[in-house]
Structures are given as structure tokens and as C-alpha cells.
Amino acid sequence: MSTAPQIIPAETAPVPAPNILSVIERIASDPSVDVERMQALLKMRADEEERMRRMDREDRAEDAKRAWLRDFSKVQAEVGPIVRGRKNTHTGSTYADLADIERIVTPILTAHGFSTTAAPIPGAPEGSIRMRLTIGHCEGHERAYEDDFPLDATGSQGRANKTAIQAKGSTQTYGRRYLKASALDLAFMDDGDGNAKDGPTGTITEDQWRVLNDLAERAGADVAKFLAALGCASGMTLEELPAAKFDAARAMLWQKIAQPVVKGPSGA
């Protein structure tokens, strides 16, 4: 018995969507098209495209904010108290200068995609300098912090002790230090604070041990010597470190990491 031949329809190529410009040209060439309706359609299309672009910008900005907050929390988790390594010869007080802060926080900030810029800006009252610190993130979001600082032209006795340019430079340096400490919510401690009896009791937690162990490896620190420098008993392990010494230990390791490597004359 014969069978009717099967007819297989030929595949048809997909019809490309018409280009919007060609559609406009075709409609515009039609003398029966209502010009006002055409203008309304074009405006509607332009408004919709702008709305989509705006939504995309807002979504990307929101994603960048979330990335900034996520990585900033990591920075704060790693930055411990800054040791006051300088002494004011006039007042006898200790302090951390801008270099002390930068040595600790800059490597942590850059490791998490942050950069900082600080510069004077207009608008300060007479006799002051207005400084702005901007903390930017690689995902595109940034935050700015501003404050006014009186010109540092006199000493503690109220007598002028700087030239105009020295006062300007000193004030800008102080402003940068103050803004960075404020923006990063930094805490400061004296060299002996790690031996204080007040503070958390017991030993460090497992998470704290991981932090210190990682920093010790990055610093290439001899753990036994490191613990001895913290005033710990001989034979104590890192896991047995008192919780009250955690902040001092973290700050000490970050300082060691931040120290430049000194090479010999041969470059070895």
C-alpha cells in the first residue's frame, strides 16, 4: 500500500524585529499619520527609556552602597586600637600621629577595596580650614566627612610659634588625622594598656584566635617572642592568650605588618 509523501515545511528564517528608526521613517512617510499622535508616541518611548536607565542607575547605586557597607564592616573588624607611640614633650601626654594611623589602617582599607583622599575645601570661617575626607570603594560608592579646624598658629602658651605656611600645613595634617580617626571610629591605647587588669575575662575566642593567627603568619612573627612581648607567661600558647590582651595583640601585629622591610646594602 502506498503512502502519501510526507511534506516537511521548510524552515523559515526568523524575521528580525524592525529597527525603531526604520519604523519611525515608515510612519513619518505616511501622509495619513497624525503628527501629534506620532510625537506623543515618540515622547512615550523616550520617557520609558529614561525610566529604565534611571532604574538601572538606582540599582547599581544600591548595590555599590551594600558593597561599601559590607567591606567597611570587615575593615572595622580588623582594625584594632591604635597605639599612642608619640610623646608630647611640652605636656607629657602620648598621642598617635597621622603616620601611626596610616601604617595600620591603610593596608587594611586597600585590602578591602577602599581608597581615601583628603583636601581643604572652601567655606571655612575666618581663621579656620575646612577639610574633607572621602572614603571611596572600588564598587563605586563613596562617603565624605567634613569639619572645620582652627589654624594651628600658636603653642600651648598662646604665643605664635609657626609661620603662616607652617600653620596651614600643621592644621591640614591634624584635620586629616582627626577626620580619619572619626570616620573609622578608631580607638587609641597606650603601650601599657595591653597589661591592664580591667577588661574581658577568660581567654580569647576561637574567632579571635583565627584573627591573631592569620596576622601572625602575615607578619612572620615568632609567636613565643610575640607573647613574651605582651607580658605573657613562658610556655603560654596563642590559644591561651587572655581576652583582655586581644586588642593590644592585634594592634601590635598590624604595626609589625606595616613596618617597611629594611634591606642590606646588597638588596638582600
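What you see is a predicted model; the values in this text were computed from it and never measured. Numbers here simply count residues along the sequence, with the first being 1.
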**Request:** Could you walk me through whether T203 and L241 pass the side-chain contact (heavy atoms from CB on, under 4.5 Å) test, one step at a time?
**Result:** CA-CA 5 Å; T203 59; L241 181 72; over 6 Å; no
**Prompt:** Should Q76 and L184 count as side-chain neighbours, where that means a heavy-atom distance under 4.5 Å?
**Reply:** no
**Item:** With sequence neighbours excluded, residues passing side-chain contact (heavy atoms from CB on, under 4.5 Å) with P122
**Value:** none
**V79 vs K74 side-chain heavy atoms within contact, under 4.5 Å** = no
**Request:** Output, in order, the C-alpha distance, side-chain angles, deciding distance and verdict of side-chain hydrogen bond (donor to acceptor under 3.5 Å, both in side chains) for K162 and S170.
**Result:** CA-CA 9 Å; K162 298 179 182 70; S170 175; 4.6 Å; no
**Asked** Side-chain heavy atoms under 4.5 angstrom apart, residues restricted to Ile, Leu, Val, Met, Phe, Trp, Tyr: same cluster for Y145 and Y178?
**Response** yes
**Asked** Is the backbone of A99 close enough, under 3.5 Å, to the side chain of E102 for a donor and an acceptor to pair up by distance?
**Response** no
**Prompt:** Just wondering, do E142 and I135 contact through their side chains at under 4.5 Å, heavy atoms?
**Reply:** no
**Prompt:** Ignoring hydrogens and geometry, is there a side-chain-to-backbone donor-acceptor pair from Q208 to T205 under 3.5 Å?
**Reply:** yes
**Asked** Do the non-hydrogen side-chain atoms of F188 and D100 ever get within less than 4.5 Å of each other?
**Response** no
**Request:** Answer yes when D63 and R60 have at least one side-chain N-carboxylate O distance shorter than 4.0 Å, and no when they do not.
**Result:** no
**Request:** Count the heavy atoms belonging to other residues, nucleotides or ligands that lie under 6.0 Å from CD of E50, then report whether that count exceeds 12.
**Result:** yes
